[in-house]
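First comes the structure, then the notes that go with it.
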Amino acid sequence: MSTNDNLVPANFISQIITHDLKEHKNQGKVATRFPPEPNGYLHIGHAKSICLNFGIATEFKGTCNLRFDDTNPEKESIEYMQSIERDVQWLGFEWAGLYHASDYFEQLYGYAIELIEKGLAYVDSLSAEQIRLYRGTLTEPGKESPDRNRSIADNLDLFQRMRAGEFADGQYVLRAKIDMASPNINMRDPAIYRIRRVHHQRTGDAWCIYPMYDYTHCISDAIEGITHSICTLEFEDHRPLYDWVLDQLPSLAHPQQIEFARLQLEYTIVSKRKLNQLVMEKHVQGWDDPRMPTIAGLRRAGFTPKSIRDFCERIGVTKQNSWIEMGVLEYCIREDLNENALRAMAVLQPLRVVIDNYPDEQTLELEISNHPQRHELGKRIVPFSKVILIEQDDFAEIPPPKFKRLIEGGEVRLRGSYVIKCNEVIKNADGQIIELRCSYDPDTLGKNPEGRKVKGVIHWVSEQHSLPAEIRLYDRLFKVPAPDNEENFLDAINPDSLHIISSARVEASLANAQAETGYQFERTGYFCLDAQDSVAGRLVFNRTVSLREGGWGND
RNA sequence: UGGGUCGUCGCCAAGCGGUAAGGCACGGGGUUUUGAUCUCCGCAUACCAAGGUUCGAAUCCUUGCGACCCAGCCA
């Protein structure tokens, strides 16, 4: 994916695979998979996993599947599946195969029968509550269920009747028979099947028993011929169970599970439960709200797939729990947009400027470069006329130290245009500045003025030619770096995460701006048309990120 | 007081016994019709701590200390 892979040191997973390949493990094949549960939208943390799994497949000329881990129909939906497919593709990846754990329900059932026949699984009638009690604690061993030594014949009969729907939800559960005294709690006879009469988004009502993650995941990996099953750190304790299940089913291949640290990004949360809560309780406008750390949100905010891939490459892959600063993500999007975004001018807080010595009805069509460094990106026409609009902030009655924009009696360069001088400040009855009377120097178009230096350059638009626009300035959604650590993460929501500017004016060339195309509004930041709310005649732009020297906020 | 994992610059992260890469951030020069970009320079005598092995240790050993994860019929 990147052109400078040699600059990026191999992460520990690549090292393991390189080593495996050297030993000719798996016949020299490398197969990974990205296994999301379709119970929410993908977020930046998933992007890390996606880039890792698909990246490894590319690096080693292997394959990467997209597999939905759809074993808990209560929380899952087709909408989420569709969004996940869309997001993975948008990020720029192509899966070798698209599968669902539910594709394997019949096989999974068969392997469960095999375990029962081998005396390695039993049907338990203990209630959920009792099972919890019997499990013991972190420091005390568990107790065996009275049903643990049920005969194989009875187990078989009961399990078949579980499938047949003869029992109520929760009445029985199929458990792996491992070791109730294991110091690893996951090995204390984990449940592998539960009875749940829930309509499944893909299998409908064909099943009333559903397999659990630990049992399903390893077998699904094996069925697909996955060689390296990459997951996050919290599954480290589950690896013995992953291995146990596959060790009992010798007809199956045995992928290697490798764990890495999940992404933690400052000022964001990536808990699906909490993201879901933000959406449901309307703290944001939806899963694709530009403030959301979801792929859909980042996309709507104007992030590019390339910038996200670059980010995932920069942060590295290790087993260390770490926090990534927002600055890294911002750097990645700025780098991409600086190179590729066309420049334009937009005035967020307009201040009227009348150029007294410019002809009343005259319009000058200036040709301004779309990119200061990449002239191959062409030029655009920007009309100039007697009345222009500049940013209120670009004029100061009492200039702070080092201020280099417009002041009364001072000069400033209008970007791509003339140098003007402010001769008079007009105020209203309340003392507010409502207009500036200026004069222009006709001999400064494309050249520096004679005998003096003009340091400042400001952006502008022609009043009569500019277009009205709504501009949405987004800031970080949370006030604290680790909202997840708060008692209630909702209290950490930044009340000023969205600042809407409804009376901005943008240059005429933006009339046909395309959604998902980033623009740099010179001197103010990177923006893109809002794909949802922008309509002809009412342009809406989202700020992706400010120019350097700000956060995801800071005007 | 059980088990698993991790401790290298403010934040990431190379390093795999031969004498601390790189990126982000930050500070300072230069260029610039964006206070952007670009560019140059600076930024860990030091690798959680203390012992030990070795000619030589961030890398090996020992003992501490700190952090994270695990007691769903969630994934």
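So that the names make sense, note that chain A is the first sequence line, chain B the second, and so on, each numbered from 1. Just so it is clear, the values below take in all heavy atoms, side chains as well, and ignore hydrogens, waters and symmetry mates.
- For B/U53 and B/C26, the P atoms lie 46 Å apart once the distance is rounded to whole Å.
- Closest to the A/Arg343 side chain, of the nucleotides B/G3, B/U37, B/A36, is B/A36.
- On the C1' atoms, B/A49 is 7 Å away from B/C65, given to the nearest whole Å.
- Each of B/G4, B/A75, B/A13 was ranked by its minimum atom distance to the side chain of A/Met212; first place goes to B/A75.
- Straight-line distance between the C1' atoms of B/G18 and B/A57: roughly 10 Å, to the nearest whole Å.
- Remark: A/Glu236 engages A/Lys319 in a salt bridge, criterion side-chain N to carboxylate O under 4.0 Å.
- At the phosphate of B/U5, neither OP1 nor OP2 sits under 4.0 Å from any side-chain N or O atom of A/Arg262.
- Counting only heavy atoms from C-beta on, A/Asn338 has its side chain closest to B/U37 among B/A75, B/C11, B/U37.
- If you look at A/Tyr213 and A/Phe235, their ring centroids are closer than 6.0 Å.
- Side-chain atoms of A/His238 lie closest to B/A75 of the nucleotides B/A75, B/C73, B/U1.
- By the 6.0 Å and 45° rule, A/Arg343 does not stack over the aromatic ring of A/Tyr519.
- Within 4.0 Å (heavy atoms only), A/Gly446 reaches at least one base atom of the nucleic acid.
- To the nearest angstrom, C1' of B/G3 lies 12 Å from CE of A/Met187.
- The A/Glu522 side chain lies nearest to B/U34 when the options are B/G35, B/A71, B/U34.
- Here the nucleotide nearest the side chain of A/Pro372, chosen from B/G10, B/G35, B/U34, is B/U34.
- Nearest nucleotide to the A/Val457 side chain, out of B/A14, B/U33, B/C74: B/U33.
- Per the geometry, CZ belonging to A/Phe260 stands 12 Å off P belonging to B/A13, to the nearest Å.
- Pair assignment for B/U1: none, as no Watson-Crick or G-U wobble contacts are both less than 3.5 Å.
- The side chain of A/Ala191 lies closest to B/C73 when the candidates are B/C73, B/A13, B/G35.
- Comparing B/G56 with B/G42, their P atoms are spaced 33 Å from each other, to the whole Å.
- In this structure, CD of A/Glu325 is placed 12 Å from P of B/A13, rounded to the nearest angstrom.
- Note: A/Tyr41 and A/Trp287 have parallel aromatic rings, judged against thresholds of 30 and 60 degrees for the angle between ring planes.
- Note on ring orientation: taking the six-membered ring where Trp is involved, the planes of A/His100 and A/Phe68 are parallel (angle under 30°, cut-offs 30° and 60°).
- The base of B/G3 sits within donor-acceptor range of the side chain of A/Asp237, with an N or O pair under 3.5 Å.
- Computed from coordinates, the A/Lys455 NZ to B/G35 P distance equals 12 Å when rounded to whole Å.
- Contact between the side-chain N/O atoms of A/Thr318 and the OP1/OP2 oxygens of B/A13 is found at a separation under 4.0 Å.
- A gap of 38 Å separates the P atoms of B/C48 and B/A36, to the nearest Å.
- Taking the O4'-C1'-N9-C4 or O4'-C1'-N1-C2 dihedral as appropriate, B/G56 has a value more than 90° from 0 and is therefore anti.
- In this model, the phosphate group of B/C74 is approached by a side-chain N or O of A/Arg194 to a distance below 4.0 Å at OP1 or OP2.
- When each of B/U37, B/C24, B/U34 is scored by its nearest atom to the side-chain atoms of A/Arg548, the top-ranked nucleotide is B/U37.
- Between the P atom of B/A75 and the CD atom of A/Glu259 lies a distance of 18 Å, rounded to the nearest Å.
- Nearest to the side-chain atoms of A/Tyr213 among the listed nucleotides B/A71, B/C24, B/A75 stands B/A75.
- At the heavy-atom level, A/Thr444 lies under 4.0 Å from base atoms of the strands shown.
- Residue A/Thr71 places at least one side-chain N or O under 4.0 Å from the OP1 or OP2 atom of B/A75.
- Taking the ring axis of A/Tyr267 as reference, the NZ or CZ atom of A/Arg476 stays within 45° of it and closer than 6.0 Å to the ring centre.
- In this structure, A/Glu234 places its CD atom 15 Å from P of B/C68, rounding to the nearest Å.
- Using a 4.0 Å heavy-atom criterion, one finds that A/Ile195 contacts no nucleic acid atom at all.
- The phosphate of B/C12 has neither OP1 nor OP2 within less than 4.0 Å of any side-chain N or O from A/Gln264.
- Aromatic pair A/His200/A/Phe105: centroids less than 6.0 angstrom apart.
- Between the CG atom of A/Asp484 and the C1' atom of B/C68 there is a distance of 14 Å, rounded to whole Å.
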